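A quick write-up on the structure given underneath.
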Amino acid sequence: MKKAHVPEQNIKYYLMAVDGMFSRMSDDQKLVESEKNVYLAVACAVFGAKSLGVDSCIIQGFEVDAISQILGLTPNLTPTLIVTLGYGADSPSPKNRFPEDEIFF
C-alpha cells in the first residue's frame, strides 16, 4: 500500500479493521473468509480476461499439499484455486439449453 502511495492514515485504518475482524475468528473461520476473498478476486480476473478475449478454466479439485510443494509455498499460504488462461483452440460447440418457457413460470 505504501508503494501505491496510500496515505498512512488509510493504511492504519485498514490494518485496524482487518485485525479487528480476524482476531475474533478461529483458524478455520479465517481460512473460509480468505477463500471467499480469493473467489471474488478470481471472478474479477476471469471476467476481465474474457473481456480481452482470453478464455479461462477455474480448477478447484487438486492436491493442495502437492501444489504447495511444487510452488514452494510457506505453511501460512494455502492454494485455493488454479486458474488457467489462454485462447481456445477450437470454436465452442453449440449450447444445449432448455427453452425459457420450460424454465420460467
Side-chain angles (χ1 to χ4, degrees):
M1 292 173 81
K2 288 180 181 181
K3 287 181 181 179
H5 307 293
V6 174
E8 190 66 32
Q9 177 182 349
N10 295 28
I11 295 172
K12 286 181 182 178
Y13 177 79
Y14 172 78
L15 292 174
M16 179 186 70
V18 169
D19 184 53
M21 180 176 73
F22 280 102
S23 65
R24 296 185 305 264
M25 294 182 179
S26 70
D27 287 345
D28 287 341
Q29 289 172 318
K30 289 176 188 176
L31 180 61
V32 168
E33 187 63 30
S34 297
E35 287 174 338
K36 289 178 188 176
N37 285 287
V38 168
Y39 300 143
L40 290 171
V42 165
C44 290
V46 165
F47 291 141
K50 189 61 176 175
S51 74
L52 298 172
V54 178
D55 295 320
S56 62
C57 181
I58 301 170
I59 304 166
Q60 187 174 14
F62 55 87
E63 301 265 348
V64 171
D65 292 337
I67 294 297
S68 294
Q69 183 178 4
I70 290 167
L71 297 176
L73 300 179
T74 57
N76 64 320
L77 298 174
T78 304
T80 303
L81 298 172
I82 296 173
V83 181
T84 61
L85 299 168
Y87 298 101
D90 302 319
S91 48
S93 53
K95 304 277 184 201
N96 185 13
R97 299 186 182 210
F98 290 107
E100 285 184 10
D101 61 340
E102 290 184 29
I103 299 172
F104 302 106
F105 51 94

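Heavy-atom basis, side chains included; hydrogens, waters and symmetry copies ignored. None of the values given here were measured: they were computed from a predicted structure.
F47 belongs to no multi-residue hydrophobic cluster, having no ILVMFWY side-chain contact under 4.5 Å with any other such residue. Think of L40 as one node in a network of Ile, Leu, Val, Met, Phe, Trp and Tyr side chains linked at under 4.5 Å; it has no links at all.
Within the structure, no pair that satisfies the salt bridge (Lys or Arg N to Asp or Glu O under 4.0 Å) test touches residues 96-105, not counting sequence neighbours. Within the structure, side-chain hydrogen bond (donor to acceptor under 3.5 Å, both in side chains) pairs that include any residue of residues 56-75 comprise Y39-Q60, T74-N76 (at least two apart or interchain).
Interatomic distance, N37 CG to T80 OG1, rounded to the nearest 0.5 Å: 10.0 Å. The distance from the CG atom of L31 to the OG1 atom of T78 is 5.5 Å, given to the nearest 0.5 Å. Note that the CD1 atom of I58 and the CD1 atom of I82 stand 12.0 Å from one another [nearest 0.5 Å].
R24 and Q29 get closest at one heavy-atom pair: O-OE1, 4.2 Å.
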Using distance only, find each side-chain donor-acceptor pair of residues 3-22 under 3.5 Å and give its atom names and separation, not counting sequence neighbours.
none

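Applying the side-chain hydrogen bond (donor to acceptor under 3.5 Å, both in side chains) criterion to K50, with sequence neighbours excluded, gives D55.
When hydrophobic clusters are built by joining Ile, Leu, Val, Met, Phe, Trp and Tyr residues whose side-chain heavy atoms come closer than 4.5 Å, directly or via intermediates, V54 is grouped together with L81. Connection of V83 to I59 is not established within any shared hydrophobic cluster, with ILVMFWY side chains joined at heavy-atom distances below 4.5 Å, either directly or through further cluster members.
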